[in-house]
Each structure stands twice: as C-alpha cells, then as structure tokens.
A.B. asks: 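Got a structure for you, written out below as structure tokens; questions coming shortly.
All chains are named by letter (A, B, ...) in the order of the sequence lines, taking the proteins before the strands, and each is independently numbered beginning at 1.
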Number of protein chains: 2
Amino acid sequence: MKNIPRKTVDRALIYIRTLDHLIKEKRYLVSSKDLALITGISDVQIRKDISNFGKVGTPRIGYKTAELNKTLKDFVLQENVVHVALFGVGHLGTAMLRYPGFNEDNIKLVAAFEKDKSKIGKKINGVRVYPVEMAPKIIKRTHADLGIVAVPASHSQEVADIMVLSGLKGIVNFAPASISVPKSVLVKDIDFTIELLSLFCNSQR
Amino acid sequence: MKNIPRKTVDRALIYIRTLDHLIKEKRYLVSSKDLALITGISDVQIRKDISNFGKVGTPRIGYKTAELNKTLKDFVLQENVVHVALFGVGHLGTAMLRYPGFNEDNIKLVAAFEKDKSKIGKKINGVRVYPVEMAPKIIKRTHADLGIVAVPASHSQEVADIMVLSGLKGIVNFAPASISVPKSVLVKDIDFTIELLSLFCNSQR
DNA sequence: GTCTAATCGTGAAATTTAGAACGATTGAGA
DNA sequence: TCTCAATCGTTCTAAATTTCACGATTAGAC
Ligand SMILES: NC(=O)c1ccc[n+]([C@@H]2O[C@H](COP(=O)([O-])OP(=O)(O)OC[C@H]3O[C@@H](n4cnc5c(N)ncnc54)[C@H](O)[C@@H]3O)[C@@H](O)[C@H]2O)c1
Ligand SMILES: NC(=O)c1ccc[n+]([C@@H]2O[C@H](COP(=O)([O-])OP(=O)(O)OC[C@H]3O[C@@H](n4cnc5c(N)ncnc54)[C@H](O)[C@@H]3O)[C@@H](O)[C@H]2O)c1
C-alpha cells in the first residue's frame, strides 16, 4: 500500500462527505472543478489527492460519484465502524451523545464515563453512562478505538491516562490544556477558544 | 510588522494558554524545554516561534512567564476582545452559550440567532436569542467580528450568506458541509465526524 | 473518421514548515 | 575571577506540501 500523505487522507474525508451528499442528490458525475467549487479546495489539489488512490477519472467527463466514493472509502475507511468512548457527560458531551449524524458515518459512541454520580447509570440516546473506574473494562469489552475528552481541563490529564491504560489509540481533546500521552497514541486538540482567537488574528491581516 | 508564519500564530495561542496557567500557579520562570514537556511541541520549535516576537528569553534561565505572555499577547491579540455571533441555539450552540471559559480569554458571545420561534427572545447566560432576520442589524450594533455556524448542514450556506452580508470577517463552521464565502472571509471548519475518522485512519498505520 | 475542447494525471518548481547544528549568552559555583 | 553547564536564538538543511505547467486522454460535434 502506497504511503498516502496525511493531509491527503484528511481531504479525502471531505471528498467522501461531499460525494455522499451529491449521490443523495442523484448526481452521477462530478469534475475536479465542480468539487473545487463546492469544497473550496483547488481543482489541482483534488486531482492530485485522488491520483494517490488510482486512476478513476475519465478525461473530458470527470469522476463517477459512486465509483470515486467507493474508491476513497476503500482506501481510508475500509468499511470500518469506529467505536468511540466519551469521557465527560456535560454540555459538550451531551451534545455529542444526542447528535444523530455519527451513525450515518460509521461512528458509534459505545460508552460514556462520568464522575458525577447523578449522571451515572443513565442512558442517553442508547449510550450508557458508567463511572470512570469502569472505563478499562468497558472499553475493552466494547472494542472502543478512540476516546473523547470532554471533562474540565483540570481533569483532562487524569482521564487521558485512563484512556491510554485502556488501550485507546486516539484521543480527541476538547479541554483547553495539553495532555501527555505515549507517542503511539494520537491526539487531536480541538480548543474552541483557540480556534476563535486564531481566526480573529488571521482575519486582522 | 514582521510577517509571522500562520502556524506560529496558532502555536503562540497555545503558549499563551499554557503561560496563563503557569502564571496562575505563581510560576515565574519557564524554559523552552519545560514548555515542550507541557505542550508536546518541540523545544526548538518553541524557541524559533518565540524568536519571531523578539528576544525575550535569558540564556541559562529561560523565559519570565509574565513577560513572555505579555509579549505574545501584544503581538497576536493586542488586548482585543473578540465579539462573536452564534447561529443556531441547538445542542452545540447551547453548550457554547453556557461555557464560562470564553470570558476569561477575551471572547464575548454578543448575540445568538435562531429560526425556532420557541427559542427566540430567551436569554441564555446573558446572551439574547434573536430571529435570524435581525442578524445584520444586531451584528453591526454589537460589533461582532466572528460568527459560529451551529445550524444543520442543510441551512449552513443560508446562514453563512447572512453572516457575510452582515460584515463578519471569520466563521467557525460546525456543520458537516463546506460553505462558500468571499475569500476575504476566513472559514475554519470543525467537523467532529471528520476529526474522529481522521484520527482513526491515522491511528491505523 | 477527424478535430476539438474539456478534463485527468503527473513530474518539476516553489513554498511552507519542521528539524538539526551550533555559536552566543548568562548565571552559578569553584 | 574563571570555568562550566544550561539555555537562548539563528542559520543552514531537510522534509512536507502546494502550485504550476503541460502532456495524455477522451467524448462528442461535425
Ligand atoms: N462547552 C463549550 O462550548 C466549550 C468550549 C470550549 C472548551 N470546552 C471544553 O470542553 C470540555 C467540556 O466542556 P463542557 O462545557 O461540556 O463542560 P461541563 O462542565 O458542562 O461538563 C464537564 C463534565 O465532566 C464531568 N467530569 C469532571 N471530571 C471528570 C472526571 N475526572 N471523569 C469523568 N467526568 C468528569 C463533570 O461531571 C461534567 O459532567 C471542558 O474542558 C471545556 O473547557 C467547552
Ligand atoms: N452536536 C454534535 O455533537 C455535533 C457533531 C457533529 C456535527 N455537528 C453539527 O453542528 C451543527 C449543530 O449541531 P447541533 O447538535 O447543535 O444541532 P441541533 O439540531 O441541536 O441544533 C440546530 C439548531 O439550529 C436551528 N436552526 C435551524 N435552521 C436555522 C437557521 N436557518 N437559522 C438559525 N437557526 C437555525 C435549529 O432550530 C436548532 O435549534 C449541525 O450542523 C451538526 O451537524 C454537531
């Protein structure tokens, strides 16, 4: 298997999202220029990304939406369902538990973990809330792949440690604090504050 | 003013966040190596980033937390308060309205806009919810700089157009669909689905 | 069948970003 | 005072990523 650039993989997910949408609208063909208009990514970039996955386009015509979608999905997702464990059932965590869109994209929240006893034992949108201590056991039982940190920053390292111990391979961290994990575990920080400030800084110039 | 790399600006925000924290703990000095341990960013990268903003460190000692923090803030934030308008008071929008952390970082949610009449007129955490039609007027009155798209993807382009018309200079888009805006308006997409899938893909290799 | 315009795919150039190496500086302690 | 070890800041090198240029291909018009 060819070594595909990290950023290409990320953009492939955007192409997949876009193609899913086009297919739902019964669109059969799409050119790199069309995709560029929709996604804001340049047409050259799109063609180059796609060429990583083989020659699937037809000159003068473009790409068949269904075929391209399948090609991309085969490469980057391989029909996997991604199992995710949530830590922290507060405002943000609850929003995610209630979000119906994950299922459609092969993401399954398999369990939630809380400290607050009043939330433990409940089921939100079919997902049970467990005490944090049960995380290692439940995570193994449910085959969770990834974890989400949605606890206050003061407890983010603590839950990150549990996630690592439990064998999770990737963490999305919403807490506004860096977490330390072995380098075999990937971390994606999503700090709304930083995103807003960054946008503001960059719009100022 | 020197042209500072975009990624350096983003990392500067992480340094600021970290320094805020250290200062709160009454820590006066910090070396690039310390910061590297905390943030996961390499010490070389950190020194190089900081050197963009002038020589503020002392060999053998490191940086004074307060001084470095001030230097960074002067460059990238300039003591501005960022005014933000929220579109969509659903699960995610409400979580943001209720988040107390923004204030501490000079981010102010100045108004929220909704379609659902049952939500209009309410005040959440001090922020009033208006009908979308009032957005241009309220945004001008409140001097909002940025907007947040927290409506379903099916309506994201529609509200993005209103944001542009209203003069917002940057948009954080949580909807899983690309939005088209003039290139003078910056967009930051945050698609939880894509973040999770990306993490999964990258952890698989 | 030939021509043509649109589109793909790709190799090279340019740009951005990260990393490595290393000299310069400084405070602490012998 | 002199040495030393820690740390900063800068320059050079390397890697990753994007952009550019252009040839190759193909469906459709005539
Ligand atoms: N809500 C937002 O818009 C927003 C914006 C920026 C950053 N964040 C960050 O996202 C994270 C979650 O935000 P939120 O608004 O949902 O916070 P929240 O306070 O509403 O929820 C946090 C939840 O985590 C639980 N918790 C605390 N310690 C725990 C532990 N050790 N193990 C398990 N659960 C624990 C709490 O009981 C609570 O239910 C925070 O780190 C916050 O700083 C949120
Ligand atoms: N909640 C999550 O965890 C999550 C995860 C991934 C993506 N998202 C995306 O984030 C966005 C918001 O998610 P959510 O969970 O808050 O959705 P939600 O359905 O809870 O809330 C959406 C809100 O937008 C309002 N709205 C609809 N059309 C509008 C319009 N034209 N103008 C103003 N308001 C309008 C609705 O009345 C509703 O209150 C959606 O695009 C969703 O796909 C959310």
A.B. asks: Give the nucleotide from the list dA18(C), dT17(C), dT19(D) with an atom nearest to the side chain of Gln45(A).
C.D. replies: dT19(D)
A.B. asks: For Leu29(A) and dC8(C), give me the distance from atom CG to atom P, rounded to whole Å.
C.D. replies: 11 Å
A.B. asks: Arg60(A) side chain N/O closer than 4.0 Å to the phosphate oxygens (OP1, OP2) of dA5(C)?
C.D. replies: no
A.B. asks: In whole angstrom, give the distance that lies between atom CZ of Arg6(B) and atom P of dT15(C).
C.D. replies: 17 Å
A.B. asks: Rounding to an integer number of Å, can you tell me how far Asn52(A) CG sits from dC8(C) P?
C.D. replies: 15 Å
A.B. asks: From C-beta outward on Ser51(B), which listed nucleotide comes closest to its side chain: dC8(C), dT10(D), dC8(D)?
C.D. replies: dT10(D)
A.B. asks: What's the CD1-C1' distance between Ile46(A) and dC20(D), to the nearest Å?
C.D. replies: 16 Å
A.B. asks: Quick check on dA6(C): is either OP1 or OP2 less than 4.0 Å from any side-chain nitrogen or oxygen of Tyr63(A)?
C.D. replies: no
A.B. asks: Using a heavy-atom distance cut-off of less than 4.0 Å, which residues of residues 195-204 of chain A contact DNA chain D?
C.D. replies: none
A.B. asks: Can you tell me how far apart NE2 (His21(B)) and OG1 (Thr65(B)) are? Round to the nearest 0.5 Å.
C.D. replies: 13.0 Å
A.B. asks: Identify, residue by residue, the members of residues 31-38 of chain A with a heavy atom below 4.0 Å from DNA chain C, and return them in order of residue number, or none.
C.D. replies: Ser31(A), Ser32(A)
A.B. asks: If the plane angle is over 60° it's perpendicular, under 30° parallel, otherwise tilted; pick one for Phe192(B) and Phe192(A).
C.D. replies: parallel
A.B. asks: Round to a whole Å and report the spacing from CG of Leu68(B) to P of dC8(D).
C.D. replies: 10 Å
A.B. asks: State the OG-NZ distance between Ser42(A) and Lys48(A), to the nearest 0.5 angstrom.
C.D. replies: 10.0 Å
A.B. asks: Atom CD1 of Ile50(A) and atom C1' of dT10(C): how far apart are they, to the nearest Å?
C.D. replies: 14 Å
A.B. asks: Go through Asn106(A) and Asn80(A) one step at a time and tell me if the side-chain hydrogen bond (donor to acceptor under 3.5 Å, both in side chains) criterion holds.
C.D. replies: CA-CA 7 Å; Asn106(A) 283 354; Asn80(A) 283 303; over 6 Å; no
A.B. asks: Which residue, Ile61(A) or Arg11(A), contacts DNA chain D at a nucleotide closer to its 5' end, judged by nearest heavy atom?
C.D. replies: Arg11(A)
A.B. asks: Which atom pairs link the protein and nucleotides 11-13 of chain C when you take only N or O atoms and keep those under 3.5 Å?
C.D. replies:
from    : atom 1 : to       : atom 2 : distance (Å)
dG11(C) : O6     : Lys48(A) : NZ     : 2.9
dA12(C) : N6     : Lys48(A) : NZ     : 3.0

A.B. asks: Rounded to the nearest angstrom, tell me the gap between atom CD1 in Ile41(B) and atom P in dA18(C).
C.D. replies: 9 Å
A.B. asks: Whole Å only: how far is the CG atom of Asp43(B) from the P atom of dC8(D)?
C.D. replies: 8 Å
A.B. asks: What verdict does the salt bridge (charged side-chain N to carboxylate O under 4.0 Å, His left out) test give for Asp74(B) and Lys70(B), after you've listed the backbone C-alpha separation in whole Å, the side-chain angles of each residue and the deciding distance to 0.1 Å?
C.D. replies: CA-CA 6 Å; Asp74(B) 283 353; Lys70(B) 179 165 173 11; 2.8 Å; yes
A.B. asks: What I want to find out is whether Lys33(B) reaches Asp43(B) closely enough, with some N-O distance under 4.0 Å, to be called a salt bridge.
C.D. replies: no
A.B. asks: What verdict does the salt bridge (charged side-chain N to carboxylate O under 4.0 Å, His left out) test give for Lys108(A) and Asp145(A), after you've listed the backbone C-alpha separation in whole Å, the side-chain angles of each residue and the deciding distance to 0.1 Å?
C.D. replies: CA-CA 10 Å; Lys108(A) 196 168 151 89; Asp145(A) 308 293; over 6 Å; no
A.B. asks: Could you check Ile148(A) against Leu196(B) for side-chain contact (heavy atoms from CB on, under 4.5 Å), going step by step and ending with a plain yes or no?
C.D. replies: CA-CA 9 Å; Ile148(A) 295 173; Leu196(B) 286 167; 4.3 Å; yes
A.B. asks: Both Val30(A) and Asp49(B) contact DNA chain C. Taking the nearest nucleotide for each, which residue is further toward the 5' end?
C.D. replies: Val30(A)
A.B. asks: Does a donor on one side chain sit under 3.5 Å from an acceptor on the other, for Asp161(B) and Gln157(B)?
C.D. replies: yes
A.B. asks: Between Arg27(A) and Asp34(A), does any NZ, NE, NH1 or NH2 come within less than 4.0 Å of an OD or OE carboxylate oxygen?
C.D. replies: yes
A.B. asks: With a 4.0 Å limit, can you tell me whether Lys55(A) has a side-chain N or O closer than that to the phosphate oxygens OP1/OP2 of dT10(C)?
C.D. replies: yes
A.B. asks: What are the two closest heavy atoms between Leu97(A) and Asn125(A), and how far apart are they?
C.D. replies: O-ND2, 2.8 Å
A.B. asks: From Leu22(B) CG over to Tyr63(B) OH, what is the distance, rounded to the nearest 0.5 angstrom?
C.D. replies: 14.0 Å
A.B. asks: Check whether any side-chain nitrogen or oxygen of Arg47(B) sits under 4.0 Å from OP1 or OP2 of dT11(D), and answer yes or no.
C.D. replies: no
